[in-house]
Amino acid sequence: MISNFIKTIMEEDLKSGKHDKIITRFPPEPNAYLHIGHARAIITNFELAKCFDGDTILRFDDTNPAKEEKRFMDAIINDIKWLGYTPKRVTFGSDYFDEDYNLAVKLIKEGKAYVDDLTKDEMKEYRGTLTEPGKPSPYRDRSVEENLKLFEEMKEGKYAPGEKTLRLKIDMSSSNLNMRDPAIYRIIDKEHAHTGDKWKVYPLYDYAHPLQDAFEGITHSLCSLEYVEHRPLYDWVIDNTNPPSIPRQIEFGRLNIEGTILSKRYLKELVDKGLVSDYDDPRMPTLVGLKRRGFTPESIKEFVLSTGLSRINSEIPFNSIDHFLMDDLKLKVNRRMAVLNPIKVIITNYPEDKIEYFDFPNNLENEELGSRKISFSNTLYIEREDFVPEKPNNKFKRLSLGAEVRLMGAYFIKAESCDYDENGNVTTIYATYDKETLSGSGFNARKPQGTISYVDAKTCKKAKFNLFESLLKEDDNADLPLEERINPESLKVVEGFVESAFDSTPEVKCQIMRNGYYSNDYESKEDSIVVNRTVSLKQSFK
RNA sequence: AGGACCAUAGCCAAGCGGUAAGGCAACGGACUUUGACUCCGUCAUCGGUGGUUCGAAUCCACCUGGCCCUGCCA
């Protein structure tokens, strides 16, 4: 499902003949990596256009040469591609600098814009406050001729940055501060990634953006809620420049994810301070981070579409994304058994020197994925929490003394006794197996208490599991410095075992998802594998 | 406080005057070679108070709560 309220607007605009084709755009400023919040904007823009057989343009908003960085451009393109979208065109805000400039000249000629000599601080003073109106700049009433000359000189580089700006003449007493003669051109003396040193004056967002939209024929310009109060200015620019088409700005709420930060500034700070390894650290909510953590583009897309959007800033628990990942992977991926916190099980009635190999499906729900061999011997490991000596209650479906469980893909075993260490922790379980109960043999004379996974101690491989927790502490306090907000447990490595069929690596890195282990060796960037487990870590029996 | 926007279940979210969709989570139950998956079932009178109306989550007023706005950032 895709945003209803925007879709409805589009439907009406099509029906009324206002537009005959929907064109949307995703306009990132190339100064950061994309995060899941951007993914929502991307998905929304592309899906909405797709609904109406329209187009979506990727436009790099590069009106400020002081901020953009070239290296982010490729990253953004890659992320969009990764999400499965292909923009109809890739454009740059700077493509329209000439038009922007000519229209500014036109506005000056119409007496709607003027060159101001006020400094930044003076301008602030003149602007007034939230409760008091502003007062007009002493330069507000310069003649058209003087303004034209001055603006021309600004363009030619006769003035230093900060010396002069071009402002719109709107209303210094408006209750909307954005309408109090907003600056639309400032002088920046920096090389621009696209236009080189051609320009000394650069348009500001509020002026450039509506024009870019209009020049590209964007019909619906989606942005976040903080631009609501910019809309009158957006419309003012459109109304006063008579561009070739009339775009409409529509705002929607931002997406927030619990336990993490979705803001360019913080993400940058995390990286700069070395609190994470880089933008693609698997704990990061960036698209590259999520990818490395094991998320698939499909799962992110489904997640985004499931949440929908409205004019509310939403705060969604991180683990609600898990469902969509598991849903996407469950039929696509090979599954393996693993044990993170092992207890040794000795099968007392199984020959000491024997190892059996059984064929077991890679994915019980999808036989197309084939099968692999799993092994069984007299020494096994099972998960510590899969054994409780005294069966705690009737809901308990794992191993306890005197009870039988099925080892997945193998035999029933019955726990006969166990050893304890000085702290009372179980060290070894002694069990017997029943030869008749081999998985797949059709044995059904008895029902086991449950089924648990295991690995064969004689053939298994050591593994490291990365356990990811919330990047921020649970009692996060935004007032603290970032260093103190980070959850020290956000990345925990646990050593355990995986079954021998765990192909190549002697050491795998697995990442915990809620109902299994999602393995994604992010260093070698290998494909993902879900590791079976009888229960999630977060869920414990009672 | 001047202005803007918003307020539907634990979290998202439909609904636009005619008597509360859906997803996630949770909880029951069935099934089962993973307590998974699948399947069945349960889970809100719409921030509050007044008003308009035959009838309101939907309109109006007030209140409360949240969020945003004083860059020559986007």
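Letters go in sequence order (proteins before strands), and every chain restarts at 1.
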Exercise. Picking from A/Tyr185, A/Tyr207, A/Phe97, what satisfies ring-ring contact (aromatic ring centres under 6.0 Å, His included) with A/Tyr202?
Worked result: A/Phe97

Exercise. With a non-hydrogen cut-off below 4.0 angstrom, is A/Ile316 in contact with a base, only sugar-phosphate, or nothing?
Worked result: sugar-phosphate

For this session: Could you tell me which nucleotide pairs with B/C39 by Watson-Crick or G-U wobble geometry, both distances under 3.5 Å, or answer none if nothing does?
Result: B/G29

For this session: Check whether NZ of the Lys or CZ of the Arg A/Lys155 lies under 6.0 Å from the centre of the six-membered ring of A/Tyr101 and within 45 degrees of that ring's axis.
Result: yes

Problem set entry | Which nucleotide in B/C12, B/A4, B/C24 has an atom nearest any side-chain atom of A/Glu315 | B/C12

Exercise. For A/Tyr159 and A/Glu153, does a side-chain donor sit closer than 3.5 Å to a side-chain acceptor?
Worked result: yes

Exercise. So does A/Asp213 pair up with A/Arg59, basic N to acidic O under 4.0 Å?
Worked result: yes

Exercise. Mind checking the P distance from B/C69 to B/A74? Whole angstroms is fine.
Worked result: 16 Å

For this session: Apply the side chain to side chain contact (heavy atoms under 4.5 Å, CB included) test between A/Phe303 and each candidate in A/Ile36, A/Leu325, A/Asp327, A/Asp322; give the one that qualifies.
Result: A/Ile36

For this session: Would you state whether a donor and an acceptor, one from the side chain of A/Glu229 and one from the base of B/G3, lie under 3.5 Å apart?
Result: yes

Problem set entry | A/Lys264, NZ: over 12 other non-hydrogen atoms inside 6.0 angstrom | yes

Problem set entry | For A/Tyr381, ring pair (Phe, Tyr, Trp, His ring centres under 6.0 Å) partners two or more places apart | A/Phe497

For this session: In whole angstrom, give me the gap between the C1' atoms of B/A56 and B/G22.
Result: 23 Å

Do any N or O atoms of the protein come closer than 3.5 Å to N or O atoms of nucleotides 72-74 of chain B, and which pairs are they?
residue: B/C72; atom: OP2; partner: A/Arg127; partner atom: NH1; Å: 3.1
residue: B/C72; atom: N3; partner: A/Gly162; partner atom: O; Å: 3.2
residue: B/C72; atom: N4; partner: A/Leu118; partner atom: O; Å: 2.7
residue: B/C72; atom: N4; partner: A/Lys120; partner atom: N; Å: 3.3
residue: B/C72; atom: N4; partner: A/Gly162; partner atom: O; Å: 2.7
residue: B/C73; atom: OP2; partner: A/Arg186; partner atom: NE; Å: 3.1
residue: B/C73; atom: OP2; partner: A/Arg186; partner atom: NH2; Å: 3.2
residue: B/C73; atom: O3'; partner: A/Arg186; partner atom: NH2; Å: 3.1
residue: B/C73; atom: O2'; partner: A/Lys67; partner atom: NZ; Å: 3.0
residue: B/A74; atom: OP1; partner: A/Thr63; partner atom: OG1; Å: 3.0
residue: B/A74; atom: OP1; partner: A/Arg186; partner atom: NH1; Å: 3.4
residue: B/A74; atom: OP1; partner: A/Arg186; partner atom: NH2; Å: 2.8
residue: B/A74; atom: OP2; partner: A/Tyr205; partner atom: N; Å: 2.9
residue: B/A74; atom: O3'; partner: A/Asp61; partner atom: OD2; Å: 2.7
residue: B/A74; atom: N6; partner: A/His230; partner atom: NE2; Å: 3.3
residue: B/A74; atom: N3; partner: A/Tyr227; partner atom: OH; Å: 2.6

Exercise. Looking only at side-chain N and O atoms, does A/Ser306 come under 4.0 Å of OP1 or OP2 in B/C24?
Worked result: no

Seminar exercise, completed: When rounded to whole Å, the OH to P distance for the pair A/Tyr126 and B/G71 reads 17 Å

Exercise. Is there a Watson-Crick or G-U wobble partner for B/C5 with both distances under 3.5 Å, and if so, which one is it?
Worked result: B/G66

For this session: Name the nucleic acid region contacted by A/Ser314, choosing base, sugar-phosphate or nothing; use a 4.0 angstrom heavy-atom cut-off, strictly under.
Result: sugar-phosphate

For this session: Among A/Glu229, A/Arg231, A/His230, find the residue that satisfies the side chain to side chain contact (heavy atoms under 4.5 Å, CB included) test when tested with A/Asn176.
Result: A/Glu229

For this session: Could you please name the option among B/G3, B/U33, B/G35 that lies closest to any side-chain atom of A/Phe396?
Result: B/G35

For this session: For nucleotides B/G51 and B/C11, find the distance between their P atoms and express it as a whole number of Å.
Result: 31 Å

Exercise. Does any donor atom in the side chain of A/Asp328 or A/Thr296 lie under 3.5 Å from an acceptor atom in the other side chain?
Worked result: yes

Exercise. Distance between the P atoms of B/C6 and B/C60, in whole angstroms?
Worked result: 12 Å

Exercise. For the pair made of CG in A/Leu225 and P in B/C5, what is the distance, rounded to whole Å?
Worked result: 11 Å

Exercise. Pick one for B/G50: is it syn, with its angle within 90° of 0, or anti?
Worked result: anti

Problem set entry | Selected nucleotide, minimal atom distance to A/Asn4 side chain, candidates B/U33, B/G15, B/G3 | B/G15

Problem set entry | Length of the CG-C1' vector between A/Leu407 and B/U33, whole Å | 11 Å

Exercise. When the distance from CZ of A/Arg40 to C1' of B/A13 is rounded to whole Å, what number comes out?
Worked result: 11 Å

Exercise. Checking all strands, does A/Gly440 fall into the base, sugar-phosphate, or nothing category for heavy-atom contacts under 4.0 angstrom?
Worked result: base

Problem set entry | Separation of the C1' atoms in B/A36 and B/C31, to the nearest angstrom | 13 Å

Problem set entry | C1' spacing across the pair B/U45 / B/A20, given as an integer number of angstrom | 7 Å

Exercise. With a 4.0 Å cut-off on heavy atoms, is A/Glu132 in touch with a base, just the backbone sugar-phosphate, or nothing at all?
Worked result: nothing

Exercise. Looking only at atom P, what distance separates B/C46 and B/A4, rounded to whole Å?
Worked result: 27 Å

Seminar exercise, completed: Testing B/G23, B/C5, B/U33 for proximity to the side chain of A/Phe324, the answer is B/G23

Problem set entry | Rounded distance (Å) that lies between atom P of B/C12 and atom CD1 of A/Ile257 | 11 Å

For this session: Using a 4.0 Å heavy-atom cut-off across all strands, classify A/Gly450 as base, sugar-phosphate, or nothing.
Result: nothing

For this session: Could you work out the separation of B/A57 and B/U49 based on their C1' atoms and round it to a whole Å?
Result: 16 Å

Exercise. Quick one: does A/Thr451 reach the base of B/U34 with a side-chain donor-acceptor pair under 3.5 Å?
Worked result: no

Exercise. Is there a Watson-Crick or G-U wobble partner for B/A61 with both distances under 3.5 Å, and if so, which one is it?
Worked result: B/U49

